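Take a look at the structure set out below.
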Amino acid sequence: MLAICPLASLPRGEARRVDTSPPIAVFHTEDGEVFAVDDTCTHQDASLADGWVEGCEVECPLHASKFDLRTGAVDAPPAKLPVRTHRVEIRNGTIHVDLSTEVPNLPPDIRGRLATEDAS
């Protein structure tokens with residue numbers, strides 16, 4: 001599991017981008033729940049950590065697609081594919097994320113860039 005940060009350092013209603021490959025976003029909802037999803041919108045290259053959280057949804061800051069933080073399901077277009085979710089645990093006051101091994105749904109420009117980086 002990847003240690004992210006102390007829970008106390010991520011205020012409710014905020015998110016933190018974590019530079020993994022691909023990056024993930026960790027969200028602390030107003031209700032006190034913590035979720036982790038891939039940080040990149042499945043429609044185009046936009047950071048979901050920069051989006052707006054309401055309840056258990058995040059709205060992409062680029063074209064307003066909405067994703068369910070619990071399941072990754074897309075709830076509003078133009079995105080059509082879900083984001084990958086990651087299991088979160090709070091241990092000793094620290095957020096830990098177990099990165100999913102599923103293939104991420106990334107937009108084509110990001111998939112191409114990651115493939116080039118991985119080949120280097």
Side-chain angles (χ1 to χ4, degrees):
M1 289 197 102
L2 183 63
I4 303 301
C5 65
L7 180 60
S9 72
L10 184 59
R12 287 182 182 210
E14 296 199 12
R16 175 169 293 176
R17 179 183 167 99
V18 180
D19 288 325
T20 55
S21 183
I24 63 169
V26 178
F27 296 88
H28 191 184
T29 68
E30 292 290 342
D31 292 335
E33 294 182 277
V34 180
F35 299 99
V37 300
D38 283 344
D39 185 48
T40 306
C41 178
T42 60
H43 173 246
Q44 279 190 324
D45 187 6
S47 171
L48 295 178
D50 292 338
W52 300 273
V53 177
E54 186 172 327
C56 285
E57 278 191 333
V58 61
E59 181 178 320
C60 176
L62 192 57
H63 294 117
S65 290
K66 293 182 181 179
F67 298 92
D68 186 311
L69 294 172
R70 297 167 292 202
T71 65
V74 62
D75 292 338
K80 294 178 180 153
L81 298 173
V83 291
R84 185 173 61 163
T85 60
H86 307 278
R87 191 170 62 82
V88 175
E89 277 184 29
I90 309 299
R91 284 188 283 168
N92 300 320
T94 299
I95 300 169
H96 290 83
V97 174
D98 186 14
L99 297 174
S100 173
T101 58
E102 292 180 25
V103 175
N105 290 322
L106 298 171
D109 55 327
I110 301 298
R111 280 195 310 265
R113 186 173 73 222
L114 286 176
T116 301
E117 289 172 3
D118 290 344
S120 299

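Here the structure is a predicted model, which means the values were calculated and not measured.
- Hydrophobic cluster membership differs between Leu81 and Ile24, with clusters built from Ile, Leu, Val, Met, Phe, Trp and Tyr side chains linked at under 4.5 angstrom.
- Taken together through direct or relayed side-chain contacts under 4.5 Å among Ile, Leu, Val, Met, Phe, Trp and Tyr, Leu106 and Leu48 form parts of separate hydrophobic clusters.
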Could you walk me through whether Val97 and Thr20 pass side-chain contact (heavy atoms from CB on, under 4.5 Å), step by step? CA-CA 11 Å; Val97 174; Thr20 55; over 6 Å; no
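- Note that CD1 of Ile90 and CD1 of Ile4 are 10.0 Å apart. Values are rounded to the nearest 0.5 Å.
- The distance from the NE2 atom of His96 to the CZ atom of Arg91 is 4.5 Å, given to the nearest 0.5 Å.
- Here the shortest heavy-atom pairing between Ser100 and His86 reads N-ND1, 2.9 Å.
- Linking Ile, Leu, Val, Met, Phe, Trp and Tyr whenever their side-chain heavy atoms come within less than 4.5 Å leaves Leu69 and Val34 in two separate clusters.
- Of all heavy-atom pairs spanning Phe67 and Gly72, the tightest one is CD2-O, 3.7 Å.
- Between Val37 and the choices Thr85, Asp68, Thr71, the side-chain contact (heavy atoms from CB on, under 4.5 Å) rule is met once, by Thr85.
- Under the 4.5 Å side-chain criterion, counting only non-hydrogen atoms from C-beta, Arg12 is in contact with His28.
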Stepwise, does the side-chain contact (heavy atoms from CB on, under 4.5 Å) test hold for Val74 with Thr42? CA-CA 9 Å; Val74 62; Thr42 60; 5.6 Å; no
As a quick check of understanding, evaluate side-chain contact (heavy atoms from CB on, under 4.5 Å) for Val83 and Asn105, giving each step before the final call. CA-CA 6 Å; Val83 291; Asn105 290 322; over 6 Å; no
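- Across Asp39 and Ala25, no two heavy atoms sit closer than the pair OD1-CB, 3.3 Å.
- Of the charged side-chain nitrogens involved, none lies within less than 4.0 Å of a carboxylate oxygen, so that Asp75 and Lys66 do not count as a salt-bridged pair.
- Cluster membership check: Leu99 does not share its hydrophobic cluster with Phe35, using side-chain heavy-atom separations under 4.5 Å among Ile, Leu, Val, Met, Phe, Trp and Tyr.
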side-chain contact (heavy atoms from CB on, under 4.5 Å) between Val26 and Val88: does it pass, once the steps are laid out? CA-CA 9 Å; Val26 178; Val88 175; 5.6 Å; no
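- Counting non-hydrogen atoms of neighbouring residues, nucleotides and ligands closer than 6.0 angstrom, the CD atom of Glu89 exceeds 12 such neighbours.
- Inter-residue side-chain proximity for Arg16 and Ser9 is flagged as met; some heavy-atom pair is nearer than 4.5 Å.
- Phe27 and Met1 are assigned to two separate hydrophobic clusters, defined by single-linkage of ILVMFWY side chains at heavy-atom distances under 4.5 Å.
- Pairing each heavy atom of Pro77 with each of Ser65, the nearest pair is C-OG, 3.4 Å.
- You'll find the side chain of His43 stays beyond 4.5 Å of the side chain of Cys60, heavy atoms only.
- Considering every non-hydrogen atom in both Glu30 and Gly13, the closest pair reads OE2-CA, 3.4 Å.
- Of all heavy-atom pairs between Leu10 and Ala15, the closest is CD1-C, 3.8 Å.
- You'll find the side chain of Thr94 stays beyond 4.5 Å of the side chain of Leu7, heavy atoms only.
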